[in-house]
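Beneath this line is the structure, given in structure tokens, with notes to follow.
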Amino acid sequence: YSGPGVAATPWGLASRQQVRCLNRACGLVGYPNVGKSTLFNAFVGSTVAAAENFPFCTIEPNVVKVGVPDARLAALAETCGAQKVVPGHVEIRDIAGIIKGASTGAGMGNAFLSQIRGVQVVFHVVRCFSDPSIVHVEDPVNIDPVKEYESILEELIIADLEVASRRLPMLRKKATTTREVEKLLPSYEAVLRALEEGHPARSALVGTAGATSGDDFLSQLITAKPVVVLANVSPEDAAKGNAFAERLSSHIAASEAALAEAAARKASGGDAAPDLACRRCVVVSAPLEAEVAQLDDEDFRKEYLESYGLGETQRALPRILAESQQLLGLVSYLTVGVEEARAWFVPKGARAAEAAGAIHSDFVKNFEQAEIWSHADILRLGGKGACRKAGLVRQKGKDYEVQDGDVIEFRIRGGRS
């Protein structure tokens, strides 16, 4: 935003409610010493988080805002002569390691669980490398990533069961007087049954995202949050993974296939099953990403990545950040002018007036009109002015649904954005 009067051409379940009401945050969780803080340092681009070789070296969560790479911004900046590029940001939190028994107070116990309830997307880091020199809470040599993953999932299920068991009696009583709660009570009961049977909350909610989004109770359940499982391998295995990562990925894929089948059965009237956005597995090398984040010289960084069989576009970190935007339920609209090309994150489905509020809250009440360009048209014709001459600029009102990649200029009473 460049000031009034200046044309600055500047997952499914519960995610929309979480994006609107909580910070847009992703939390790194996992056993102690699996590489969470090393990966956090890669996100930061500098050594901020402690990454020591002993359990629980992270006590309070480290927090950082990280820019999500967007190739469209650089292309628009070059085409329109913008002086700088400003990406959209998500929040990454490095949360203390969890161990078996955390739900009953072991390790960081309830402190950890409180921290993880405050994020919207879980990055579950699993150790997929064998190294006797790095401490592991069980066995640093005979690594079992599936057991490690399931142990933490079990703790989270137990923690959610405690919350659900405490809240359900109150919700049942409220359902007798509140229509909204009455409609959702079957979903609440299904969640409680799933947790009692040792299944994550999301397993009871497949196919119900539209009906249950925006729900305060469900948004507090850790196992209802979307998860990206990060198989942390050694730098030598970054390009192709290893047997540990393959076993973990196969386990998660089989589990997700079962959930997808349940969602398909639940979908009615021939509608497609919704995107579950529950668990996805990505191979990443935390030490390699942390090293690359320190390299400023582009040519040397390229050579360094190639020495491990990777190209810049094959790095895991940018893909993880792009995944986080999707799972947070965000789309980005773009503004471009002489000063900057910038991405603004808004919830998927946001209307034009709401999107204008991402720039400044006063823009919502003072909204008059949105002018929409296609970024592809701008790049093809060589600028916004050329698009205007070609009649390719659309004028939209406050109820226009913003699409990912829209280039927007807002008309605001008393000025323009």
Side-chain angles (χ1 to χ4, degrees), residues 11-15 17-18 27 29-31 98-104 106 110 112-113 116-117 119-126 144-172 184-213 215-231 247-268 273-281 327:
W11 73 304
L13 197 62
S15 64
Q17 181 270 342
Q18 291 175 338
V29 304
Y31 268 4
I98 186 173
I99 61 173
K100 194 169 182 61
S103 57
T104 57
N110 292 328
F112 163 85
L113 297 171
I116 197 60
R117 289 192 198 284
V119 304
Q120 290 69 63
V121 174
V122 176
F123 288 159
H124 186 165
V125 185
V126 179
D144 188 341
V146 172
K147 180 182 177 183
E148 179 181 314
Y149 169 79
E150 288 293 340
S151 292
I152 288 187
L153 179 59
E154 180 183 348
E155 293 301 321
L156 299 181
I157 289 171
I158 293 171
D160 279 352
L161 177 58
E162 182 181 343
V163 171
S165 298
R166 187 172 63 249
R167 290 286 303 275
L168 254 294
M170 293 182 286
L171 290 169
R172 289 176 186 131
L184 288 171
L185 190 59
S187 293
Y188 298 157
E189 298 285 5
V191 164
L192 179 60
R193 286 194 299 272
L195 293 169
E196 288 172 338
E197 293 168 3
H199 302 303
R202 56 181 165 265
S203 66
L205 294 164
V206 290
T208 65
T212 56
S213 61
D215 184 77
D216 176 66
F217 164 59
L218 296 175
S219 69
Q220 292 303 307
L221 299 179
I222 300 173
T223 62
K225 300 177 187 293
V227 178
V228 180
V229 180
L230 304 179
R247 184 180 171 209
L248 178 64
S249 180
S250 296
H251 173 76
I252 291 168
S255 179
E256 285 304 287
L259 273 181
E261 184 180 345
R265 288 197 304 267
K266 201 165 190 176
S268 60
D275 178 10
L276 297 177
C278 292
R279 291 172 290 181
R280 308 178 187 186
C281 190
L327 294 180

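Heavy-atom basis, side chains included; hydrogens, waters and symmetry copies ignored.
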Of the non-hydrogen atoms in [X] and [Y], which two are nearest, and what is the gap between them?
| X | Y | answer |
| --- | --- | --- |
| Ser165 | Leu192 | OG-CD1, 3.8 Å |
| Pro200 | Ile157 | N-CD1, 3.7 Å |
| Ala164 | Leu195 | CB-CD1, 3.9 Å |

Step-by-step side-chain contact (heavy atoms from CB on, under 4.5 Å) determination, Leu218 to Tyr188: CA-CA 8 Å; Leu218 296 175; Tyr188 298 157; 4.1 Å; yes

For Arg247, what residues pass the side-chain hydrogen bond (donor to acceptor under 3.5 Å, both in side chains) criterion, not counting sequence neighbours?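 Per chain and number, Arg247 pairs via side-chain hydrogen bond (donor to acceptor under 3.5 Å, both in side chains) with Asp144.
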
My understanding is that only one of Val126, Val229, Val146, Val227 makes a side-chain contact (heavy atoms from CB on, under 4.5 Å) with Ile252; could you say which?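 Looking at Val126, Val229, Val146, Val227, the match for Ile252 under the side-chain contact (heavy atoms from CB on, under 4.5 Å) is Val229.
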
Between atom [atom1] of [X] and atom [atom2] of [Y], what is the distance when rounded to the nearest 0.5 Å?
| X | Y | atom1 | atom2 | result |
| --- | --- | --- | --- | --- |
| Phe217 | Leu184 | CZ | CG | 10.5 Å |
| Leu156 | Ser151 | CG | OG | 11.0 Å |
| Asp216 | Ser219 | CG | OG | 5.0 Å |
| Leu161 | Glu197 | CG | CD | 11.0 Å |
| Arg280 | Leu230 | CZ | CG | 12.5 Å |
| Cys281 | Tyr149 | SG | OH | 9.0 Å |

Quick check against the 3.5 Å criterion: does [X] have a side-chain atom that pairs as donor or acceptor with the backbone of [Y]?
| X | Y | result |
| --- | --- | --- |
| Ser255 | His251 | no |
| Arg202 | Thr223 | yes |
| Ser203 | His199 | no |

Carefully, step by step, assess Val125 and Val29 under the rule side-chain contact (heavy atoms from CB on, under 4.5 Å). CA-CA 6 Å; Val125 185; Val29 304; over 6 Å; no

Under a 4.0 Å threshold between the charged nitrogen and the carboxylate oxygen, would Arg117 count as salt-bridged to Asp160?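 A salt bridge links Asp160 with Arg117.
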
The criterion is salt bridge (charged side-chain N to carboxylate O under 4.0 Å, His left out); which residues satisfy it with Glu189, sequence neighbours excluded?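 Result, salt bridge (charged side-chain N to carboxylate O under 4.0 Å, His left out) vs Glu189: Arg172.
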
Pairwise side-chain contact, Ile152 with His124, heavy-atom cut-off 4.5 Å (strictly under):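 They are in side-chain contact.
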
Are Pro226 and Val122 packed together at the side-chain level, in the sense that at least one heavy-atom pair is separated by less than 4.5 angstrom?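 No, their side chains stay 4.5 Å or more apart.
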
